[in-house]
2 protein chains.
Amino acid sequence: MSHQRDRASTRNAQTGPSGLDLPDLPEATVARLPEYLRALHGLAETGLDVVSSEELAGAAGVNSAKLRKDLSYLRSSGTRGVGYDVASLIAKIEYVLGLSQHRTVALVGVGNLGHALAGYAGFESRGFHIAALFDADPRRVGERIGGLRVHHVDELPLVVAQERISIAVIATPAQAAQSVADALVACGVTSILNFAPKVLNVPDNVDVRKVDLAIELQILSFHEHRKASLTALPSTLGGVLGQEAYGS
Amino acid sequence: MSHQRDRASTRNAQTGPSGLDLPDLPEATVARLPEYLRALHGLAETGLDVVSSEELAGAAGVNSAKLRKDLSYLRSSGTRGVGYDVASLIAKIEYVLGLSQHRTVALVGVGNLGHALAGYAGFESRGFHIAALFDADPRRVGERIGGLRVHHVDELPLVVAQERISIAVIATPAQAAQSVADALVACGVTSILNFAPKVLNVPDNVDVRKVDLAIELQILSFHEHRKASLTALPSTLGGVLGQEAYGS
DNA sequence: CACGATTTGTGCATGCCTTCACAAATGCCT
DNA sequence: AGGCATTTGTGAAGGCATGCACAAATCGTG
């Protein structure tokens, strides 16, 4: 994951009059909560109703102390000697992540990738409803994908307001991404997930997360390169460092 | 981004016998190099041949001091008072990332998302060649996508060896991901990009990077939630601590 | 050749994140 | 009822990353 811009930890812990009660979460913790949530759902399906930090941490692939500290930020309600109640922990994390209210998502750019995202079942199953599709190409407008009609981007303001869109996904080519982002911001959208390989310029109050597939591969490539150059080292080199050629 | 397991910074700075010379890069730096690379390519297209850290940092969306420090790890060859030579910086970053040698990629799972990834032009254009497609569904085997035939996963060992695959992409449903990963590891694959919403269990020498679309949305959802609860606060509230019902 | 403008490379301070290790709390068993 | 095993919650230490601020280096110009 990778963030576009690093953000400080989330300020404000006031108890609002609306009953809201958002604690002050470090950004690193926020990024892990969804992982915990998924692990919890998995455990819930197996019928488990109480889980220890050790088990849950294992399922989520993190250190158990880290998990406990993360949960402690949620005014966590684990029971010492026992563990965490699965159902109530799920509820708490979902609340904190704002998933209690169903979020509607707009998807801009129904090309190759956009098509796949529009049909991706993983969104609906995890609390997100793709409510509108957009494209700039007139030939695409009107097309139906998974029960949704593709709108022209010019209709953004109208549809965003109508459907109460809270999050937008940009899956356009790089050169279109910035203008789409501008249009979204103008419509009042304050959360963007950007798949276009381009750094977006947005006001401070707008959150952008970026997913760049090529970058992920390049990072892996680096490690491949490094591993390769290590194993290419002559065996005379005392294998002190991690990668001994043929471990027992 | 998001990593599956945090890794310490990259050890080893020996000059290998093969003329390799990989410096000791912090993981955070590695994650940013691809971004710099893309910015550089963009600048190169505009005909620019020297760039200052300030300009490049702007294009990549980072602090200029951070950029300079990152580049300094590459035994960087900037020129004081002038800037960085675009062409040679591109070459150096591509070398360090291991992009000099073309990397061949295998893609497992040609469902909804896999299909899109197989056709994604962004890979080829950035040094990655998708060389083989796999699926477990016999009905999909034999299908041709973008000039490639879909193999059955049982053929993994054969094809991986034949095509000298160095990186694999998993785009299967969650429940298939672990067994696919096991098969890949058994074939000697040591770098995996995982799109399945499942924490993979792999040996230490295997690198896994994870891209989970729902998680990205959930992180955005959190910030939406938070922003919404902030604007809902009454202006009278001067509350300092968490639990005061209605401060003085 | 010397000077001033520019820009890199980096020491340092600060803050965040991770992890260990342990006290506090809980439930069970005798 | 008391003690023991278990597990949470957290204080504290260490490591990593960020960003400022400045010295060192280079170029162009007179």
Side-chain angles (χ1 to χ4, degrees), chain A residues 1-11 23-33 35-36 40 43 48-86 88-89 92-93 219, chain B residues 1-11 23-33 35-36 40 43 48-86 88-89 92 219 242:
Chain A
M1 106 162 200
S2 26
H3 327 246
Q4 162 153 110
R5 198 161 18 88
D6 295 308
R7 254 166 267 107
S9 72
T10 310
R11 294 292 142 63
D24 191 354
L25 299 185
E27 190 62 26
T29 296
V30 174
R32 280 186 296 265
L33 288 181
E35 201 75 61
Y36 302 156
L40 283 166
L43 293 172
L48 202 60
D49 56 353
V50 168
V51 66
S52 76
S53 64
E54 202 70 48
E55 292 172 279
L56 182 53
V62 303
N63 179 297
S64 71
K66 200 191 308 195
L67 169 72
R68 287 197 297 276
K69 186 152 288 190
D70 283 342
L71 294 186
S72 78
Y73 291 118
L74 309 185
R75 318 214 198 303
S76 146
S77 46
T79 312
R80 299 184 184 205
V82 179
Y84 298 89
D85 180 75
V86 173
S88 68
L89 192 50
K92 184 160 274 179
I93 294 180
I219 295 173
Chain B
M1 132 243 170
S2 26
H3 327 247
Q4 162 153 107
R5 200 165 13 94
D6 295 309
R7 253 167 268 105
S9 71
T10 310
R11 296 292 144 63
D24 192 354
L25 299 186
E27 190 62 27
T29 296
V30 174
R32 281 188 294 266
L33 288 180
E35 200 76 60
Y36 302 155
L40 283 165
L43 293 172
L48 201 61
D49 56 353
V50 168
V51 67
S52 74
S53 63
E54 203 71 47
E55 292 172 280
L56 183 52
V62 302
N63 179 295
S64 72
K66 199 192 306 197
L67 170 71
R68 288 198 298 276
K69 187 155 291 189
D70 283 342
L71 295 185
S72 78
Y73 290 118
L74 309 184
R75 321 212 195 304
S76 144
S77 44
T79 313
R80 300 183 183 205
V82 179
Y84 298 88
D85 180 75
V86 172
S88 67
L89 192 49
K92 183 160 280 181
I219 295 173

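Lettering follows sequence order; numbering is per chain, from 1. No experiment lies behind these values; they were computed from the predicted model shown.
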Inset, instruction - Could you tell me whether the phosphate oxygens of D:dT7, OP1 or OP2, come under 4.0 Å of any side-chain nitrogen or oxygen in A:Ser52? - result: no
Legend entry - Spacing between B:Leu89 atom CG and C:dT8 atom C1', to the nearest angstrom: 13 Å
Inset, instruction - Nearest whole angstrom, please: distance from the P of D:dG9 to the CG of A:Leu71. - result: 8 Å
Legend entry - Between C:dT7 (P) and B:Asn63 (CG): distance, integer Å: 16 Å
Inset, instruction - Remember a base hit wins even if backbone is also touched, and classify A:Ala28 as base, sugar-phosphate or nothing at under 4.0 Å, heavy atoms. - result: sugar-phosphate
Inset, instruction - In whole angstrom, give the distance that lies between atom CG of A:Leu67 and atom P of C:dT19. - result: 12 Å
Kindly give the atom pairs (protein nitrogen or oxygen, nucleotide nitrogen or oxygen) under 3.5 Å for nucleotides 27-30 of chain D.
none

Legend entry - Any donor-acceptor N or O pair under 3.5 Å, side chains A:Tyr36, A:Asp70: yes
Legend entry - Any residue meeting side chain to side chain donor-acceptor pair (under 3.5 Å) with A:Asn63, in chain and number order, not counting sequence neighbours: none
Legend entry - For atom CG of A:Asp85 and atom P of C:dT26, their distance in whole Å: 16 Å
Inset, instruction - Look at the side chain of B:Glu55 and the backbone N and O of B:Ser52, then say whether any donor-acceptor pair between them is shorter than 3.5 Å. - result: yes
Inset, instruction - Map B:Arg68 and B:Tyr73 onto DNA chain D by nearest heavy atom, then report which one ends up closer to the 5' terminus. - result: B:Tyr73
Inset, instruction - Determine, stepwise, if the pair A:Thr29 / A:Leu74 fulfils side chain to side chain contact (heavy atoms under 4.5 Å, CB included). - result: CA-CA 10 Å; A:Thr29 296; A:Leu74 309 185; 5.8 Å; no
Inset, instruction - Check the distance between D:dC16's P and B:Arg32's CZ and give it to me in whole angstrom. - result: 15 Å
Legend entry - Nearest atoms (heavy-atom pairs only) where A:Ser53 meets A:Ser64: O-CB, 3.9 Å
Legend entry - d(OH, B:Tyr84; P, C:dT6) in whole Å: 18 Å
Legend entry - Donor-acceptor pair present, B:Lys69 side chain and D:dT18 base, under 3.5 Å: no
Legend entry - Pairwise side-chain contact, A:Val51 with A:Leu40, heavy-atom cut-off 4.5 Å (strictly under): yes
Inset, instruction - Tell me the stems DNA chain C sits in, counting at least three consecutive Watson-Crick or G-U wobble pairs, each under 3.5 Å on both distances. - result: C:1-30 with D:1-30
Inset, instruction - With rounding to the nearest 0.5 Å, note down the distance linking CD in B:Glu27 to CZ in B:Arg32. - result: 10.5 Å
Inset, instruction - Measure the distance from CG on B:Asp70 to P on D:dT18 and round it to the nearest whole Å. - result: 7 Å
Inset, instruction - Mind listing the closest non-hydrogen atom pair of B:Arg75 and B:Lys92 along with its distance? - result: O-NZ, 3.1 Å
Legend entry - Gap between atom CD of A:Glu35 and atom CG of A:Leu67 - 0.5 Å precision: 11.5 Å
